[in-house]
Amino acid sequence: MSKIQPRAHQLLQPFPPSKKTAETKQAQASFKTVFKQANELKVSKHAAQRLNDRNIQIDDKQWEKISNKMTEAKQKGITDSLVITDQAALVVSTKNHAVVTAMGRQEANAKIFTNINGTILMD
């Protein structure tokens, strides 16, 4: 004789469609803000000063391309990289999504870069 007793099946009512409350919408907006800020390219105080001192101008479109390439490099395991553009050489941290320092392209020609594990060449 089996000790397992059959039970009557209960019909479960489906949940009504959920309605987003103001709190839920606010939480989603906060998450989006935090996520966007986490993925924004940061420029360290030191790098900003170097860009200014060396009169290096990088437009928003180029910054966006650099940021995208940094994200791609991070996905490949690169943590610290040298980014070479037509006018500048930037040492960046993909871990922090930040520009650490900057120098003009001509100045970079005679330099040896250490503590990097990747290079990003920009068009």
- Item | For Ala48, all residues meeting side-chain contact (heavy atoms from CB on, under 4.5 Å), sequence neighbours excluded | Val43

- Item | Residues that Arg54 engages under side chain to side chain donor-acceptor pair (under 3.5 Å), provided they are two or more places apart | Glu107

- Report the C-alpha distance between Ile116 and Ser81 in whole Å, list the side-chain angles of each, state the deciding distance to 0.1 Å, and finish with yes or no for side chain to side chain contact (heavy atoms under 4.5 Å, CB included). CA-CA 5 Å; Ile116 62 169; Ser81 183; 5.7 Å; no

- Message: Would the distance check show the side chain of Ser93 and the main-chain N or O of Ala98 forming a donor-acceptor pair, the cut-off being under 3.5 Å?
- Response: no

- Query: When clusters are formed by joining ILVMFWY residues with side-chain heavy atoms under 4.5 Å apart, either directly or through shared neighbours, do Leu121 and Val91 land in the same one?
  - Reply: yes

- Could you give the distance from CG (Asn68) to CE (Met122), rounded to the nearest 0.5 Å? 8.0 Å

- Note on the structure: Hits for side chain to side chain donor-acceptor pair (under 3.5 Å) against Asn117, two or more places apart or cross-chain, chain-then-number order -> Thr79

- Contacts of Asp86 that satisfy side chain to side chain donor-acceptor pair (under 3.5 Å) - sequence neighbours left out: none

- Message: Looking at Thr85 and Gln87, would you say the former's side chain and the latter's main chain have a donor-acceptor pair under 3.5 Å?
- Response: yes

- Message: Could you measure the distance from the CD1 atom of Ile120 to the CG atom of Leu82? Nearest 0.5 Å is fine.
- Response: 8.5 Å

- Item | From CG (Asn55) to CG (Asn52), nearest 0.5 Å | 8.0 Å

- Query: Which is it for Leu90 and Ile58 under the side chain to side chain contact (heavy atoms under 4.5 Å, CB included) test, yes or no, and what are the steps along the way?
  - Reply: CA-CA 11 Å; Leu90 312 169; Ile58 300 176; 4.2 Å; yes

- Item | Euclidean distance, Met103 CE relative to Asn109 CG, rounded to 0.5 Å | 10.5 Å

- Could you tell me whether Asp59 atom CG has more than 12 heavy atoms of other residues or ligands within 6.0 Å of it? yes

- Roughly how far, to the nearest 0.5 Å, is CZ of Arg105 from CD1 of Ile56? 11.5 Å

- Query: Side chain of Ser44, backbone of Val99: donor and acceptor closer than 3.5 Å?
  - Reply: yes

- Rounded to the nearest 0.5 Å, what separation is found between the CD1 atom of Ile84 and the CZ atom of Phe113? 6.5 Å

- Quick one: does Thr94's side chain have a donor or acceptor within less than 3.5 Å of a partner on Ala73's backbone? no

- Task: List in chain and number order the residues that pass side chain to side chain donor-acceptor pair (under 3.5 Å) with Gln75, two or more places apart in sequence or in another chain; answer none if no residue qualifies.
- Result: none

- Partner residues of Glu72 under the salt bridge (Lys or Arg N to Asp or Glu O under 4.0 Å) criterion, sequence neighbours left out: Lys69

- Task: Check the pair Leu41, Ile66 against side chain to side chain contact (heavy atoms under 4.5 Å, CB included), reporting the backbone distance first and the verdict last.
- Result: CA-CA 8 Å; Leu41 180 61; Ile66 291 168; 4.2 Å; yes

